[in-house]
Amino acid sequence: DPARELADHLFGAALYFLGSHEEAQPDLDMFAEKYPDSGNREAALYYQASNYVILGQFKKAAGLIDRYLEEFPKSKFIDLALFDRATCHFNLEEYDKSIAAIDRMKAERPDSVVLDRALNMAGDAYDSQAGLETEDQGKKLELTGKAWEYFSTAIEAGKKLQHKPTVAE
C-alpha cells in the first residue's frame, strides 16, 4: 500500500534508533521486500543490514551490506556501511578483508565520524593476526607493528573527533 510506505519506513527506523533491534528487524526486512522502488530504499536497506550487525548475525548482515554497496556505491552512508562490513569480516575472522574495508572507508570518507573506531578495529585485526602467527616471529613482529600504527592513528582521529573512549583505549 503506497499510502503506508512512509509510515512503514519510519516505524522500522524508529525501532532501530530506539535500540529495539530484535523488534525492529521484522519491520526492516518487510520494508526492504515490500517497497523495492521506494525513495527511502537507500536508508531502509542500510538500517536493515546494520541492524543484523547489531544483532550479531554477521553472515546475514554481510550479504545484505554487499548488496547495499553494489546498489548504492556512492551512498551517503558509505562510511557506516563499510564500517559495518569490516565488523562482519572481523567477527568472521576475515581479518585481511576487515582491514581492506577500513582502508577503503578511510580513503573514501577520511572525515567519517566512525574513523577512530574503524582504525582501532584495524589495529585489533592486525593484533589478532599476530596472535595467530606461531611460526614466523618476524611476521608476528611486523603484524604487531602494523597494529600499533593503526592504534596510534585511531587515537589521533579520536582526538580530532573528540571521542574520549577511543583516546582512552
Side-chain angles (χ1 to χ4, degrees), residues 1-125 127-129 150 154 157-158 161-166 168-169:
D1 178 10
R4 291 226 20 101
E5 180 186 343
L6 183 59
D8 286 345
H9 170 65
L10 292 176
F11 186 72
L15 291 171
Y16 172 89
F17 282 108
L18 289 171
S20 299
H21 299 288
E22 291 282 346
E23 190 179 348
Q25 198 64 60
D27 290 291
L28 296 169
D29 292 339
M30 177 276 299
F31 187 89
E33 184 176 322
K34 190 174 179 179
Y35 302 104
D37 299 321
S38 170
N40 295 306
R41 183 169 175 77
E42 181 180 353
L45 291 183
Y46 172 72
Y47 299 144
Q48 177 195 30
S50 179
N51 203 59
Y52 276 114
V53 175
I54 293 165
L55 293 173
Q57 296 183 32
F58 301 111
K59 284 188 178 187
K60 176 77 173 175
L64 291 171
I65 295 167
D66 288 344
R67 182 182 82 184
Y68 175 83
L69 291 170
E70 284 179 29
E71 193 169 333
F72 301 102
K74 300 293 183 195
S75 170
K76 61 185 171 189
F77 301 112
I78 192 79
D79 57 329
L80 302 175
L82 289 168
F83 179 66
D84 283 345
R85 189 60 178 103
T87 300
C88 292
H89 285 306
F90 184 89
N91 283 284
L92 296 170
E93 298 181 2
E94 299 167 343
Y95 300 122
D96 286 335
K97 291 179 180 180
S98 180
I99 294 163
I102 291 164
D103 287 343
R104 178 179 166 195
M105 187 200 89
K106 182 181 174 188
E108 291 185 27
R109 291 284 171 84
D111 59 342
S112 172
V113 297
V114 295
L115 181 61
D116 56 332
R117 293 174 47 208
L119 294 169
N120 199 47
M121 186 189 316
D124 286 338
D127 194 50
S128 294
Q129 288 178 321
Y150 274 90
L161 293 166
Q162 299 180 355
H163 290 171
K164 292 178 184 174
T166 302
E169 288 180 1

Inset, instruction - Count the heavy atoms of every other residue, nucleotide or ligand shown that sit under 6.0 Å from NZ of Lys34, and state whether that count exceeds 12. - result: yes
Legend entry - Counterpart residues, side chain to side chain donor-acceptor pair (under 3.5 Å), relative to Tyr47 (two or more places apart): none
Inset, instruction - Can you see which heavy atom on Tyr68 is nearest to which on Glu42, and at what distance? - result: CE1-O, 3.1 Å
Inset, instruction - Provide the closest heavy-atom pair for Gly12 versus Asp27 in the form atom of the first, atom of the second, distance. - result: CA-CB, 4.0 Å
Inset, instruction - Check side chain to side chain donor-acceptor pair (under 3.5 Å) between Glu108 and all other residues, then give those that pass, not counting sequence neighbours. - result: Arg104
Inset, instruction - Give, for atom CG of Leu10 and atom CG of Asn40, the distance between the pair rounded to the nearest 0.5 Å. - result: 7.0 Å
Legend entry - Asn120 side chain vs Asp116 backbone, donor-acceptor pair below 3.5 Å: no
Inset, instruction - Would you please say whether a donor-acceptor pair under 3.5 Å links the side chains of Tyr46 and Ser75? - result: no
Inset, instruction - For residues Pro36 and Arg41, report the shortest heavy-atom separation together with the two atoms involved. - result: O-CD, 3.1 Å
Inset, instruction - Give a yes-or-no answer on whether the side chains of Asp29 and Tyr52 include a donor-acceptor pair shorter than 3.5 Å. - result: yes
Inset, instruction - Establish, yes or no, whether a centroid distance under 6.0 Å links the rings of Tyr16 and His21. - result: yes
Legend entry - Beyond-backbone contact of Met105 with Ser112, side-chain heavy atoms, under 4.5 angstrom: yes
Legend entry - Check: Val114 and Leu80 side chains under 4.5 Å, non-hydrogen atoms: yes
Legend entry - Atom CD of Gln57 with >12 non-hydrogen neighbours under 6.0 angstrom: yes
Legend entry - Minimum heavy-atom distance Ala81-Ile65, with the two atoms named: O-CG2, 3.6 Å
Inset, instruction - Please report the closest heavy-atom contact between Val53 and Ala61, naming both atoms and the distance. - result: CG2-CB, 3.5 Å
Legend entry - Asp103 side, atom CG; Asp96 side, atom CG - distance, nearest 0.5 Å: 10.5 Å
Legend entry - Leu82 vs Leu69 side-chain heavy atoms within contact, under 4.5 Å: yes
Legend entry - Side-chain heavy atoms of Ile99 within contact of Phe90, under 4.5 Å: no
Inset, instruction - Indicate the atoms forming the closest heavy-atom contact of Val113 with Leu161, along with that distance. - result: O-CD1, 3.9 Å
Inset, instruction - For the residue pair Asp8 and Tyr35, confirm or rule out a side-chain donor-acceptor distance under 3.5 Å. - result: yes
Inset, instruction - Hey, could you give me the NZ/CG distance between Lys106 and Asp111, rounded to the nearest 0.5 Å? - result: 13.0 Å
Inset, instruction - Compare all side-chain heavy atoms of Phe31 with those of Gln48 and state whether any distance is below 4.5 angstrom. - result: no
Legend entry - Short side-chain to backbone donor-acceptor contact, Arg109 and Lys76, under 3.5 Å: yes
Legend entry - Note, Leu64 side chain near Leu45 side chain (heavy atom, < 4.5 Å): no
Legend entry - Pairwise distance CD1(Ile54) to CG(Asp84) - rounded to 0.5 angstrom: 7.0 Å
Inset, instruction - May I ask you to decide if Glu94's main-chain N or O and Ser98's side chain share a donor-acceptor pair within less than 3.5 Å? - result: no
Inset, instruction - First locate atom CD1 of Ile102, then atom OH of Tyr150, and finally report the distance between them rounded to the nearest 0.5 Å. - result: 7.5 Å
Inset, instruction - Can you measure from CD (Glu22) to CG (Leu55) and round to the nearest 0.5 angstrom? - result: 5.0 Å
